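Heads up: the structure comes next, in structure tokens.
Just the heavy atoms: all of them, side chains too, but no hydrogens, waters or symmetry mates, feed the values below. This is a predicted model, so every value here is computed, not measured.
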Amino acid sequence: MKMLRSFIPDTLLIALAVGAFFAFPYDLAFLTRIVIMMIFVLSIDLILGLGGIVTLGQAAMYGTGAYAAGLFAVHVSNDPLLGLLAGMAAGAVIALMSGLLLMRAGGLTLIMLSIAVAQVLAEIANRARDWTGGADGMRGIRMGPILGQWRFDFIGQTGYIYCVVVLFVVLFALKGLKASPLGLMARGIHESPARMRAIGAPVYQRRLILYTIGGAIAGIAGALAAQITQLVSLEVFSFTLSAEAVIMLILGGAGRLYGAILGVLIFMVVHHLAASVDPINWLFLIGLMVLLVVFFLPKGLLSLPPALQRLIGGAR
Amino acid sequence: MKGLQVTGLNKAFGGLVVARDITLSLQPGDRTALIGPNGAGKTTFSNLITGILKPSSGEITLDGRDIRRLGEAQRVKAGIAKTFQITTLFRQLTVRENIRLALLEREGRALRFWHRADRDPGVEAEIEAQLAAFRLVPLADKPVADLAYGQQRLVEMAMTLALKPRVLILDEPAAGVPSSDSPLITDAIEALPKDLAVLIIEHDMKLVFKVARSIIVLVQGAILTQGTPAEIAADTRVRDLYLGAHHA
């Protein structure tokens, strides 16, 4: 029974993904953006929610993954899955390299340094015009069919299904990781680095490992974005991307994986609807929503059902 | 040379000397207490042994092996474990998970990602044994944050012992524990493995005289005197310096 219950959120999620595909056949581009964002925010949930590593520069790995996948498609192979691996590897490498410095820091220093890394990478991408197209963006990405079978179509059906499948692979991998010794170790680092050292764990190395895995996942998200839009712009390194992703995670509930999924869904849908209803004041609505959630549900929207249950139970 | 051997240990922060030519030896089975007035350098000494601080000069060896270059985590792996002055645990994790994590670290399995954390039969059996030894079975699935302070102390000792250390440093094990719970701590210390070398840093003289077989008195970073509890109790200098302050 307990075993079955643990599959309820996944079943719901699959139903939602399939339902959205048929209900909004002309909004698949937007839905695909949501799915990619979910993968990106999951990468932050791993390092921030689970490992307690607070940064505002996850876009560094997303952007590197995007450019790597773009360059790979243009110069090496247009196979999407190989490109995805290239983006993943690039995200991991940049996280490992920057993490050698970043993971020695904590608190405000770490936040500032992580922002700086993304800015430096954005500037490198801007200067390396011959490779990246600089401020004009990288063009000429033409993806081949997935597994030699499924071509990317104009309305984005293949792209959507492709991204949803990758999301589920990432989600299940992270669920497994969270329940594994590595996941317990990450929670330990979050709870008390001093105690981790006292049981013999080299905390710096452990944080570096987590950051690298998070980087690999962010790289996957970036690579998907590059492959789906067939364009990479300097925006992939933007501070706004990193910051909004963290807001989405807090909104949904950090450290629980489904919080990342829920946060992205609510944030992006509200954003989309509010911006189309009131193109001028939509930001106000988003701000209000975040304010209310952080104030009343500090553990995120995922804690709403139990909170309501307590409220109703208390009234009885 | 067996055990923990400290020779001519010095530590200074600029002009402030916090450890002065400390020489001592801790052998398997020892129950040594380190006492001294506030600011005598007791915690500094513990930090030098566990690698949180690096000594300015002097030697530290464990079973003849120079451990000065080892970091904090490496010294734990080498066999030196400690409990903190203020209980330091994974507060949101359950008692069982706290001990599990310590065991997974000891076994070098904490980086495994391909199986569930609670599916290691050897580790799980050892958790149960450890829970039983410290009478924590009824509390096993509660988050540590929900436990009384004395019980948290026991969890910390259970975790630390799960590391199978050869040298155990207890930094004020009775601090913050209500006196009604202090027998819990005394019992746990008396039940420690016979071949373990134990250094107890403590203010509570009742506890010290109950469990220690040898006492070192530290004053201004240097060892004033060293002896059996009876000798220390009879020493007038100690009485003036330390016990006097308490019983005045």
Exceeds 12 heavy-atom contacts within 6.0 angstrom, atom CD1 of Ile86(B): no
Lys54(B) NZ: over 12 foreign heavy atoms closer than 6.0 Å: yes
Heavy-atom pair of closest approach, residues Ala73(B) and Pro202(A): CB-N, 3.7 Å
Between chain B and chain A, going by a 3.5 Å limit, which atoms form donor-acceptor pairs, if any?
unit_1    : atom_1 : unit_2    : atom_2 : d
Glu72(B)  : OE1    : Arg197(A) : NE     : 3.3
Lys77(B)  : NZ     : Gly200(A) : O      : 3.2
Thr88(B)  : O      : Arg195(A) : NE     : 2.7
Thr88(B)  : O      : Arg195(A) : NH2    : 3.3
Arg91(B)  : N      : Glu191(A) : OE1    : 3.0
Gln92(B)  : N      : Glu191(A) : OE1    : 2.9
Glu105(B) : OE1    : Arg206(A) : NH1    : 3.3
Glu105(B) : OE1    : Arg206(A) : NH2    : 3.1
Glu105(B) : OE2    : Arg206(A) : NH1    : 2.5
Ala110(B) : O      : Leu182(A) : N      : 3.3
Arg112(B) : O      : Ser180(A) : OG     : 3.3
Arg112(B) : O      : Leu182(A) : N      : 2.9
Ala117(B) : N      : Ala179(A) : O      : 2.8
Glu156(B) : OE2    : Arg195(A) : NH2    : 2.6

Proximity breakdown for Leu163(B) and chain A, heavy-atom pairs closer than 4.5 Å: side chain
Proximity breakdown for Leu104(B) and chain A, heavy-atom pairs closer than 4.5 Å: side chain
Side chain proximity check, Phe90(B) to Ile199(A), heavy atoms < 4.5 angstrom: yes
Chain B interface, residue from Gly176(A), Ala186(A), Gly183(A), Ala194(A) that has the most non-hydrogen pairs under 4.5 Å: Ala194(A)
